[in-house]
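Notes follow once the structure below has been shown.
Atoms within a ligand are numbered from 1 in the order they appear, just like the ligands themselves.
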Amino acid sequence: MLRSVLAGCGAYLPANKVTNDDLAKRVATSDEWIRERTGIHCRHFAEEGEMTSDLATAAARAALEDAGLDAEAVDLIVLATATPDNTFPATATKVQVKLGCRPGFPAFDLQAVCSGFLYALTVADNFVKAGQAKCALVIGAETFSRILDFEDRTTCVLFGDGAGAVLLRAEEGTGATTDKGVLSTHLHADGRQHDLLYVDGGPSSTQTTGLLRMHGREVFRHAVVNLHDVVLEALDANGLTAADLDWVVPHQANKRIIDGTAKKLGISPEKIITTISEHANTSAASVPLALSVARADGRIKSGDLILLEAMGGGFTWGSALVRV
Ligand code: ACO
């Protein structure tokens, strides 16, 4: 059977680093409150004129370099974002050009907010397994700073901008869990929770971009339950247990959500990759950003079994089991 093997990872953070103290000059908050409640120390915000496509292109370029491949090799781009450059066309088509890819192959955006990367990975994996792509770029890229209400201290301190990318290459596998590549993916959505985390604008509703609105406590409560369940689903589907995992790369929403989920699953904190202190919540970029950091610093090694998980607006949530 065909497997989507992780050939390369890349990340990009805008140069503009914003500390909690910097934010405290704009809104009634404090470094202490943000650290204690979320684990966030700082985040990066895109410069004026720096767009999601720029961040995505930089991360994708780094992933190609990591894989030792040229942009010519790419035959699919799936870009997860809730903050596209334009309502249309897809930001992925801009990335195709900026990267210098050959034109013609499919490139499209996918919108599942913070779960976007898990959704994009699933779609790209299915293209590979169906024999419709041999070298797929899966990107999560966001400029959430553009949809934050800097008068709402309950939300504006939580998010940052960034991008992460992986390059998937089609390779023959045996079908066993010892194969390298994406072993399984698991996606869910529950539209009844729409109003707990949303943006109060859009082309069809208000003809404005809108700003992020969230009921933080409710989101928190659902996150721990849904993430716990979707991690177990991935392990069960493969006949594995938490003890078999080398690493968990969770969506970086809140250190307390990450810790709470790991505790509920009985996974030791040493196995969890956390980058929230430096990145904050970068939505669809958060999982590939964390993955790239842990690959680059040598924690995640070839052959390791890793579990990716995320939850976001919708609600949407998902997990993926991958052997690197
Ligand atoms: N600075 C200082 N004080 C603040 C701030 C702030 N930035 N924000 C809220 N407060 C105050 C509140 O006004 C409240 O004051 P009060 O007691 O006088 O009314 C107090 O702090 C406590 O507020 P709570 O909302 O109860 O704080 P809580 O402990 O629930 O933490 C938080 C809030 C961090 C938003 C938490 O609920 C959370 O992380 N939820 C998950 C949300 C999330 O991560 N969403 C991301 C997208 S979804 C996902 O990725 C899973």
* side-chain hydrogen bond (donor to acceptor under 3.5 Å, both in side chains) evaluation trace for D54 with T57 -> CA-CA 5 Å; D54 299 316; T57 303; 5.8 Å; no

* **CA sep, side-chain torsions, deciding dist, call: D109, T81, side-chain hydrogen bond (donor to acceptor under 3.5 Å, both in side chains)** => CA-CA 7 Å; D109 291 358; T81 188; over 6 Å; no

* **Any pair counted as salt bridge (charged side-chain N to carboxylate O under 4.0 Å, His left out), so long as it reaches residues 148-160, sequence neighbours left out** => D149-R213

* Sequence neighbours excluded, every pair satisfying salt bridge (charged side-chain N to carboxylate O under 4.0 Å, His left out) that has a member inside residues 169-184 -> R3-D179, R169-E171

* Amino acids in close contact with ligand 1, where any non-hydrogen atom sits under 4.0 angstrom away -> A28, T29, W33, R37, T38, C114, R153, T154, V157, L158, F159, L197, M214, G216, R217, V219, F220, H251, A253, N254, R256, I257, N281, M311

* With D297, which of K301, R295, R299 fulfils salt bridge (Lys or Arg N to Asp or Glu O under 4.0 Å)? -> R299

* Keeping to residues at least two apart or across chains, list the salt bridge (charged side-chain N to carboxylate O under 4.0 Å, His left out) pairs with something in residues 253-263. => K255-D259

